[in-house]
Protein chains: 2
Amino acid sequence: MPCNKLRAEFLKNLDESLLSPLPPFRRLSHGQIREILDLAHPLLVAQGHEVFCEGMSAERFYLLLDGHIRVERINAAGDRVVSLHIPPGQLFGIAAALGRNTYPATSVAATECMTLWWPLSLFDGFAARYDGFADEVHRTVGHRFEEMNSRVMELATQQVEQRVASALLRLTRQNGRQTDTGIEIAFPITRRIISEMTGSTLHTVSRLLSTWERGDILQSHRKHINVLDPDRLEALSRPDAPL
Amino acid sequence: MPCNKLRAEFLKNLDESLLSPLPPFRRLSHGQIREILDLAHPLLVAQGHEVFCEGMSAERFYLLLDGHIRVERINAAGDRVVSLHIPPGQLFGIAAALGRNTYPATSVAATECMTLWWPLSLFDGFAARYDGFADEVHRTVGHRFEEMNSRVMELATQQVEQRVASALLRLTRQNGRQTDTGIEIAFPITRRIISEMTGSTLHTVSRLLSTWERGDILQSHRKHINVLDPDRLEALSRPDAPL
DNA sequence: CGTGCCTTTGAGAAATATCAAAGCCTGTGG
DNA sequence: CCACAGGCTTTGATATTTCTCAAAGGCACG
């Protein structure tokens, strides 16, 4: 269990090298990282539990040390839409950078997650004081914006098959783990969740995955997906490739 | 350079009061606004012309003084998707705030547009020096992010009728002009553009508008749409309201 | 060792796109 | 001043994608 190891690290007081390779802190001295760590609060979140909810007052910002976070929203009719999966090493809950004082979406631990958080009041200070932090926050916002934009494009112009293929590819790229036969999505994921990522239904997703499994594009079993042939999946995801 | 002379002339004639009520400059003194104006370049964009294109190096940021900007992207298959309409008084082309060095989308003048622009190199200085500017940039990014998010939700969970109703409501709220019978969208807009905003087709949009016109929810003629009964449109836009 | 989620698959229904055609404005150039 | 071209709009008929409904088996966890 990686998290147990991390908990051990906490006991011996969080090594600076945990943060120093991460983009928001890359340009900082060990002394600065020590300062930042001393202000941080560790928080372990069990699988399936919420870190914060849409609409909550945004009193903290977070860094994901280990695990995977799923970002989701629910509309008035109760339909859930999954916006994003956040891999380890990234900041999240950075509503402050969007000029907001509430969180725009809900964060759920897709696997057990080790996080650090700081009170929002420190955010501006970090941005002003630590070289590269503000830049990285902007870049993160920019990436998520870009991702949002791509989703809109896909939803507006592509068919379900292409959208599901794109979603799987994105998951393998951003949240994948190399296996000896392919790239596996690094957290448990159901047909239902994929349908919530793609504006589809679990039935349609199930049919697609079955077809792709018969074609040796991927293997799937009970919340696990291992992509064997990303190139073929990529071909299926292209706007002009029906078959 | 005669051009510089003209520019100086133009900017001298621009009254500080043109900028002082706008959110990014609201907290500034007239002296500060004068400084900002003296650094600005005016640009008049004819209807239908592009201000900048997706992928271009982001060397400027803009303020829209008058007119309406349409933000759009084109996918690999050539399908156009309209992301946003920007009303007068807002900043745009603020890729810098997203940690990008290229524009993420294309901006087209939906009506003739009066804009000011500044070289990107001034952006960080503005943010650091002028109280409220950075905040307002963040808020603007936050609003656009929020809007993007709503679009994803709508596309993923709602039917075309509801999406078109939502799109029209948003246009009336953000880009509307009060008339004696209702609220008119303040720039020419075709069925095709509405379909590109909603991931639909011009045929379906045309059928919906015809139906709504028969029901006295709106009036429409040749690129003009006047919403007579926003409440009924709002009801049609709700996730659970099929009829 | 049952209960609840996860998954699969079939059949039919519904929403919406596509194809096709025609009328209508509007601005342009003769 | 008129005629025409090109984009805008409407509407019908048909096709297709994808959802909805239905049912059943499997796996995991308490």
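Computed from heavy atoms alone, side chains included, the values below leave out hydrogens, waters and symmetry copies. In what follows, chains are A, B, ... by sequence order, proteins preceding strands, each numbered from 1.
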### Task
Give, for atom OG1 of Thr172(B) and atom CD of Glu234(B), the distance between the pair rounded to the nearest 0.5 Å.
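Rounded to the nearest 0.5 Å, the OG1-CD separation comes to 10.5 Å.
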Of all the heavy-atom pairs spanning [X] and [Y], show the shortest one and how long it is.
X         : Y         : answer
Tyr62(B)  : Arg60(B)  : OH-CD, 3.4 Å
Ala110(B) : Gln47(B)  : O-CG, 3.5 Å
Ser220(A) : Glu213(A) : N-OE2, 3.2 Å
Pro104(B) : Glu54(B)  : O-CG, 3.6 Å

Item to complete: Kindly determine whether Thr102(A) and Arg100(A) satisfy side chain to side chain donor-acceptor pair (under 3.5 Å), including the steps that lead there.
Response: CA-CA 6 Å; Thr102(A) 58; Arg100(A) 300 182 51 112; 3.0 Å; yes
Q: Using a cut-off of strictly less than 4.0 Å between a heavy atom of the residue and any atom of DNA chain D, enumerate the qualifying residues of residues 193-208 of chain B by number.
A: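 Those residues are Leu202(B), His203(B), Ser206(B), Arg207(B).
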Q.
Is the distance between the ring centroids of Phe61(A) and Trp118(A) under 6.0 Å?
A.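 Here the rings of Phe61(A) and Trp118(A) have centres that are less than 6.0 Å from each other.
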Which nucleotide in the list [options] gets nearest to the side chain of [X]?
X         : options                  : result
Thr190(A) : dT10(D), dC6(C), dC24(C) : dC6(C)
Ser210(A) : dT9(C), dT11(D), dC6(C)  : dT9(C)
Gln159(B) : dG6(D), dC6(C), dT16(C)  : dT16(C)

For dT7(C), take OP1 and OP2 only and decide whether either is under 4.0 Å from a side-chain N or O of Arg191(A).
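For dT7(C), OP1 or OP2 has a side-chain N or O of Arg191(A) closer than 4.0 Å.
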In this structure, how many angstroms lie between the [atom2] atom of [N] and the [atom1] atom of [X], rounded?
X         : N       : atom1 : atom2 : result
His221(B) : dG7(D)  : NE2   : C1'   : 14 Å
Leu155(B) : dT18(D) : CG    : P     : 14 Å
Arg192(A) : dC5(C)  : CZ    : P     : 10 Å
Trp212(B) : dT9(D)  : CH2   : P     : 15 Å
Arg163(B) : dA17(C) : CZ    : P     : 7 Å
His224(B) : dT26(C) : NE2   : P     : 9 Å
Glu161(B) : dA15(C) : CD    : P     : 10 Å
Asp79(A)  : dC19(D) : CG    : P     : 12 Å

Expected output: side-chain Thr111(B) to main-chain His68(B) donor-acceptor under 3.5 Å:
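The answer is yes, because a donor-acceptor pair under 3.5 Å joins these two groups.
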Determine, for Glu147(A) against Arg151(A), whether the closest basic-nitrogen to carboxylate-oxygen distance falls under 4.0 angstrom.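 Looking at Arg151(A) together with Glu147(A), the answer is no, because their closest N to O distance does not fall below 4.0 Å.
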When you match Ile189(B) and Val160(A) each to their closest nucleotide on DNA chain D, which lands nearer the 5' end?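 The residue mapped nearer the 5' terminus is Ile189(B).
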Base, sugar-phosphate alone, or nothing: which one does Arg222(A) contact when heavy atoms must sit under 4.0 Å apart?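 It contacts base atoms.
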Please round to 10 degrees the angle between the axis of the first five pairs and the axis of the last five pairs in the helix from dC1(C)-dG30(D) to dG30(C)-dC1(D).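 Answer for the end axes of this duplex: 40°.
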